[in-house]
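Remarks on the structure that follows.
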Protein chains: 2
Amino acid sequence: MIKVLLVEDQAMVRGALVSLLGLEPDIEVVGEAASGQEALTVALETKPDVVLLDIEMPGGDGITAGARIREALPACQVMILTTFGRPGYLRRAMEAGAVAFLVKDSPARELAAAIRRVRDGERVIDPGLAAAALSAGPNPLSPRECDVLAAAVDGSTVGDIAVRLHLSEGTVRNYLSSAIQKTRARNRIEAVQRAQAQGWL
Amino acid sequence: MIKVLLVEDQAMVRGALVSLLGLEPDIEVVGEAASGQEALTVALETKPDVVLLDIEMPGGDGITAGARIREALPACQVMILTTFGRPGYLRRAMEAGAVAFLVKDSPARELAAAIRRVRDGERVIDPGLAAAALSAGPNPLSPRECDVLAAAVDGSTVGDIAVRLHLSEGTVRNYLSSAIQKTRARNRIEAVQRAQAQGWL
DNA sequence: GCTTGACGGTGACATTTGTCAGACGACCGG
DNA sequence: CCGGTCGTCTGACAAATGTCACCGTCAAGC
């Protein structure tokens with residue numbers, strides 16, 4: 001029996017995935033969690049063989065949760081199951097020690113197959129996605145540029161961002177400007193969208 | 001047996017929901033579709049009692065697909081199952097003749113329960129969501145303001161939008177300005193986000 | 001018939017945003 | 001110890017954005 005911990009914030013999707021995995025005779029869902037925080041707690045309680053993690057969740061994203069779990073339970077394999085196949089997500093997931101990266105677009109039966117391949121010591125990564133992640137290259141934005149761009153996603157003005165990050169307005173404008181150029185965008189909105197599409201924020 | 005057509009673009013979620021409904025002895029998934037267009041075709045083939053529709057899908061959104069299906073098959077009940085409980089979505093879904101509106105945050109067992117309640121002629125709507133939709137009031141944006149705001153989501157400049165909608169730049173600026181005021185935002189980015197949060201785009 | 005609102009437009013204006021050049025200290029690798 | 005990068009800041013400038021006042025048409029409603 002492969003013991004699986006399932007981490008996904010949308011309760012109905014989580015329940016549906018449990019029932020999907022319930023069809024497999026050699027897979028047992030030993031725990032569920034709805035956030036990154038909760039994931040670590042439940043992992044320590046249930047000591048699963050495999051954790052299946054969503055990325056975008058309120059209360060701790062799946063990638064950092066995966067890293068924490070690997071620290072605490074080195075025997076436990078981390079798999080990512082996400083809606084968005086963003087190159088930066090894949091890259092960060094791999095750096096955090098994940099051994100599989102699945103997107104929810106792929107057919108349902110691939111989930112159990114991927115879990116078994118992970119149990120057998122394989123890595124499971126969509127080849128097209130891997131190519132995209134490699135060809136896109138690493139995140140060109142400096143940490144601070146990321147901060148400023150991330151602070152701009154909600155439509156804040158330069159003044160707002162400056163206050164929030166304790167910077168001068170000119171500095172904020174400079175970071176935004178260089179982020180716009182590095183993303184080859186025409187304004188901050190495009191810059192934010194491109195950075196998000198790459199998984200850089 | 002209640003015959004259900006399941007419409008959801010993410011294959012893995014769709015498959016998981018099928019397996020979830022497969023646990024219910026009185027429910028049978030007679031068809032699946034991954035887009036609004038496909039939904040209508042499959043509905044005509046399979047003549048389900050109930051269609052379960054996601055809203056945000058590439059290739060025709062679920063609400064208009066639901067309206068089309070109601071036209072073609074008046075006996076078929078339309079249920080919406082969506083990630084986002086946006087007031088405007090609920091309102092539009094009701095106007096399009098939907099009898100249920102579920103969010104994927106709610107527990108998995110509520111899905112089958114909701115389907116049975118719909119079979120019994122009931123409507124199923126989250127009370128809190130209904131209150132939000134009523135208190136928020138209807139969409140204050142004029143159709144054209146919606147168009148212009150929707151054209152601004154991807155970071156297009158005023159000039160781009162003007163060309164795309166065959167308008168003068170001044171007109172575009174005027175519509176954006178009035179949309180910003182009606183949404184009580186400070187700039188177009190906030191306006192877009194508030195309008196999206198309400199489900200007005 | 002008159003009013004109202006949506007639609008489309010113009011022109012002027014203030015503000016915000018984006019760009020550039022430059023300056024300073026910190027830190028890191030060679 | 002020297003060059004490069006990063007972070008921070010300033011000041012100045014051009015371009016884009018947001019606001020306002022105003023004008024016209026047209027269709028719907030009272």
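All values below come from the heavy atoms of this structure, side chains included, with hydrogens, waters and symmetry mates left out.
- Checking B:Ser178 against B:Glu145 by side-chain atom types alone, a donor-acceptor pair falls below 3.5 Å.
- Base contact: A:Thr171 has a heavy atom under 4.0 Å from a base atom.
- In terms of position along DNA chain C, the nucleotide closest to B:His166 lies nearer the 5' end than the nucleotide closest to the other residue of the pair B:His166 and A:Ser178.
- Of the candidate nucleotides C:dG18, C:dA21, D:dG18, C:dG18 has the atom lying nearest to any side-chain atom of A:Arg173.
- Under a 3.5 Å cut-off, the side chain of B:Glu38 and the backbone N or O of B:Gly59 do not form any donor-acceptor pair.
- When atom types are taken as modelled, the side chain of B:Asp49 and the backbone of B:Lys3 share a donor-acceptor pair closer than 3.5 angstrom.
- Listed candidates were C:dT19, C:dG9, D:dT19. Nearest to the side chain of A:Ile180 is C:dT19.
- B:Glu145 has its CD atom 10 Å from the C1' atom of C:dC7, to the nearest Å.
- In this structure, A:Ile161 places its CD1 atom 9 Å from P of C:dG18, rounding to the nearest Å.
- The distance between atom CD1 of B:Ile189 and atom C1' of C:dT16, rounded to the nearest whole Å, is 11 Å.
- Set against C:dA21, D:dA21, D:dT8, the side chain of A:Leu167 has D:dT8 as its closest nucleotide.
- Relative to the side chain of B:Asn187, the nucleotides C:dG8, D:dG18, D:dT10 differ in distance, and D:dG18 lies closest.
- When distances run from any side-chain atom of A:Arg188 to the nucleotides C:dG18, D:dC6, D:dT10, the shortest one goes to C:dG18.
- Of the side-chain N and O atoms in B:Gln181, none sit less than 4.0 angstrom from OP1 or OP2 of D:dG18.
- Rounding to whole angstrom units, CG of residue B:Asn174 and C1' of C:dC13 are separated by 13 Å.
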Practice problem: Take A:Arg117 and A:Asp120, measure what salt bridge (Lys or Arg N to Asp or Glu O under 4.0 Å) needs, and give me the verdict at the end. | Solution: CA-CA 5 Å; A:Arg117 288 175 61 190; A:Asp120 296 341; over 6 Å; no

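- OP1 or OP2 of C:dT19 sits under 4.0 Å from a side-chain N or O of A:Ser177.
- With respect to B:Glu24, the salt bridge (charged side-chain N to carboxylate O under 4.0 Å, His left out) criterion is satisfied by exactly one of B:Arg119, B:Arg109, B:Arg116: B:Arg116.
- Listed candidates were C:dG8, D:dT8, D:dT17. Nearest to the side chain of B:Tyr175 is C:dG8.
- Look at A:Ser142 and you won't find any side-chain N or O under 4.0 angstrom from OP1 or OP2 of D:dT5.
- Other residues, nucleotides and ligands contribute more than 12 heavy atoms inside 6.0 Å of the CZ atom of B:Arg194.
- Per the geometry, CZ belonging to B:Arg186 stands 12 Å off P belonging to D:dT19, to the nearest Å.
- Taking every side-chain heavy atom of A:Thr157 into account, C:dT17 is the closest of C:dT17, D:dT17, C:dA6.
- Residue B:Arg144 is in sugar-phosphate contact alone, with no base atom involved, counting any heavy-atom pair closer than 4.0 Å across all strands shown.
- In this structure, CD of A:Glu190 is placed 11 Å from P of D:dT17, rounded to the nearest angstrom.
- In this entry the distance linking CD of A:Glu169 with P of C:dT15 reads 14 Å, nearest Å.
- The CG-P distance, from A:Leu176 to D:dA16, rounds to 17 Å in whole Å.
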